[in-house]
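Data block below; observations after.
For ligands, and for the atoms within them, numbers begin at 1 and follow the listed sequence. Bear in mind that the values here come from a model prediction, so they are computed numbers and not experimental data.
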Amino acid sequence: MPATSLDTIVSLCKRRGFVFPSSSVYGGLGSTWDYGPLGVELKNNVKRAWWRSVVHERDDMEGLDAAILMNRLVWKYSGHEATFSDPMTDCRACKTRPRADHVFAAQKGRDPKGLPEINAAIEAKELVCPKCGSKDLTPARPFNLMFRTSVGPVDSGDDSGLVYMRPETAQGIFVNFGNVLDTMRRKLPFGIAQVGKAFRNEITPGNFTFRTREFEQMEIEYFVRPGEDEAAHEAWIAERTNWYLKLGMRKENLRVREQEKHELAHYAKRCVDLEYRFPMGWSELEGIANRTDFDLKAHSRSPENPDAVGELKYFDQEQKKHLVPYVIEPSAGADRATLAFLCDAYEDALVKEPPAEETTKLRDLVESFAKSVGRREGMAAEVKQRLVSSAEGIVAGLPGTLPQLIGLMEDAEAATIEVMKKVRGVGEKIAEEHTRTVLHLHPRLAPLTVAVFPLKRNDPRLVEMARGLKRDLQRSGVRAVYDDTGAIGKLYRRQDEIGTPWCVTVDFQSLDDQTVTVRDRDSMQQERLKATELAPTLASRLT
Ligand code: GAP
């Protein structure tokens, strides 16, 4: 079962060095995160797997790494200066500034069709402030999401040095279309791929790394002849869906959703979202849009754009004429994909039953937790309902529900109930002894591929052989670590929790016959392999 609560993933990420709150020595900076030693390996593997699939394994793609800071005119003619905004309203009573489209959707039960419809509802006093309930809301105004900065040593204050931190990597690809076409002598259809940071001054960041103000995108702009765009769109939807599935994502947690007309960005003719069933519900993982010829035309010299130096078009040898290609854009988030793979891979499993008296003690405590939640004043009704039904489900199924109890013990809202301290006092010890946390990450995504242990750390022969094996594995390109800081059982648990697919133990038999034990993370089966065959065998399992 994948993670059912984001708190469980956040807690694992902090505990095991995947992701830390940013600038924590100064109290942090809301919704910004730093990838730690294991997180950077995982995210790099996600980006590498994407690059390999969309650039190296295809014959019709090129790569690019464009600058983050671009001429401001790029954002003027792309339409972002005028339209890349969220509608905000001010509550005159409590002085908060909620997102007006979210207020509309929550209170009317559907998305608004645009700013005029939101403002008509505000004027008719049909919407209320979600914080204080007042109907005294200002008309909604667009709030631009692009971060501004200035180039040059002096900020003259007149916007002459104004540049934006790019809000999407896509525009770097469009403005390089001609460069790539000319230098690589490409024929349609072909595409350009890019991975890089993007910045948006999001009004409502949150859900851990799902929505942040600084994030990484993995984008493709795929150029086709007009008329061939719809078939190419379908092909990319299938291709990108399969990428997630091939890397182990569960089919039932991935779905394709057609965007409705009013949701479409200003440049899109059609857009399909690949959505993942995150613990907080189905949410966008990747958007695959048909951007038509909007962007190449927008950056071409014309009466509407006197600033462009030339035209972004393609000479069709067959038809002996110039044309402006259409563009299919599969646009994924590296952080979102990493989070989705983490949630999907997560499992807390019961490995042996605890003694009956321990189960009874725990059941009584969880029961009294449920009662305390019921009596608690000032807690939102839906939070109460969620905690009570989760606790009741756990009570009914113990000890089989110990894995779910781990999620409840890490829930930030559950922690505000006094009796949770007692639940944790008893529950954590039982969970530690009777469950195991495993990340069933695809071997190509796992931060570490192999961990090598000596059976006894005080035997120099075992240590020397284990260290040598680690070095050999690493030299053959298999990510390996050496560890001797605990008993083998404990070392296995640690590696399971971070998703290492294989653990290798060097024991006394190894000294005689040069074989080692390889233990598989998912099946927990052990096999004996020749030390010399280890690197090629594991490397072959990685493909
Ligand atoms: N060029 C098209 C484009 O940028 P988008 O739907 O706004 O489209 C594409 O973004 C992907 O980038 C999203 O599907 C998501 O994975 C990621 N993304 C967008 N905003 C994000 C944010 N604030 N935090 C993390 N990832 C984000």
Taking the ring of Tyr314 and the ring of Phe223, is the distance between their centroids below 6.0 Å?
no
Could you say whether the N/O atoms of Tyr267 and ligand 1 ever approach to under 3.5 Å?
no
Best match, Arg166, Arg200, Glu202: closest heavy atom to atom 5 (P) of ligand 1:
Arg200
Between Thr8 and Ser5, a side-chain donor and acceptor under 3.5 Å
yes
Which heavy-atom pair separates Phe278 from Leu285 by the least distance, and what is that distance?
CZ-CD1, 4.2 Å
Find all atoms of ligand 1 within a distance of less than 4.0 Å from any non-hydrogen atom belonging to Gly333, and give their numbers and elements.
16 (O), 17 (C)
Glu284/Arg257 salt bridge by N-O under 4.0 Å criterion:
no
Sort and list the pairs that fulfil salt bridge (charged side-chain N to carboxylate O under 4.0 Å, His left out) and have at least one residue in residues 67-76, not counting sequence neighbours.
Arg72-Glu81
Determine whether the side chain, the backbone, both or neither of Gln217 has a heavy atom under 4.0 Å from any heavy atom of ligand 1.
side chain
Min N/O separation Thr212 to ligand 1 under 3.5 Å
yes
Does ligand 1 have an atom that lies less than 4.0 angstrom from a heavy atom of Arg291?
yes
At less than 4.0 angstrom from any non-hydrogen atom of Glu168, what atoms of ligand 1 do you find?
1 (N), 2 (C), 3 (C), 4 (O)
Ligand 1-proximal atoms of Asp273, by part, heavy-atom distance under 4.0 Å:
neither
Residues pairing under salt bridge (charged side-chain N to carboxylate O under 4.0 Å, His left out) where one sits in residues 180-194, two or more places apart or in two chains, turn out to be Glu62-Arg186
Report yes if some N/O of Phe215 lies less than 3.5 Å from some N/O of ligand 1; otherwise report no.
no
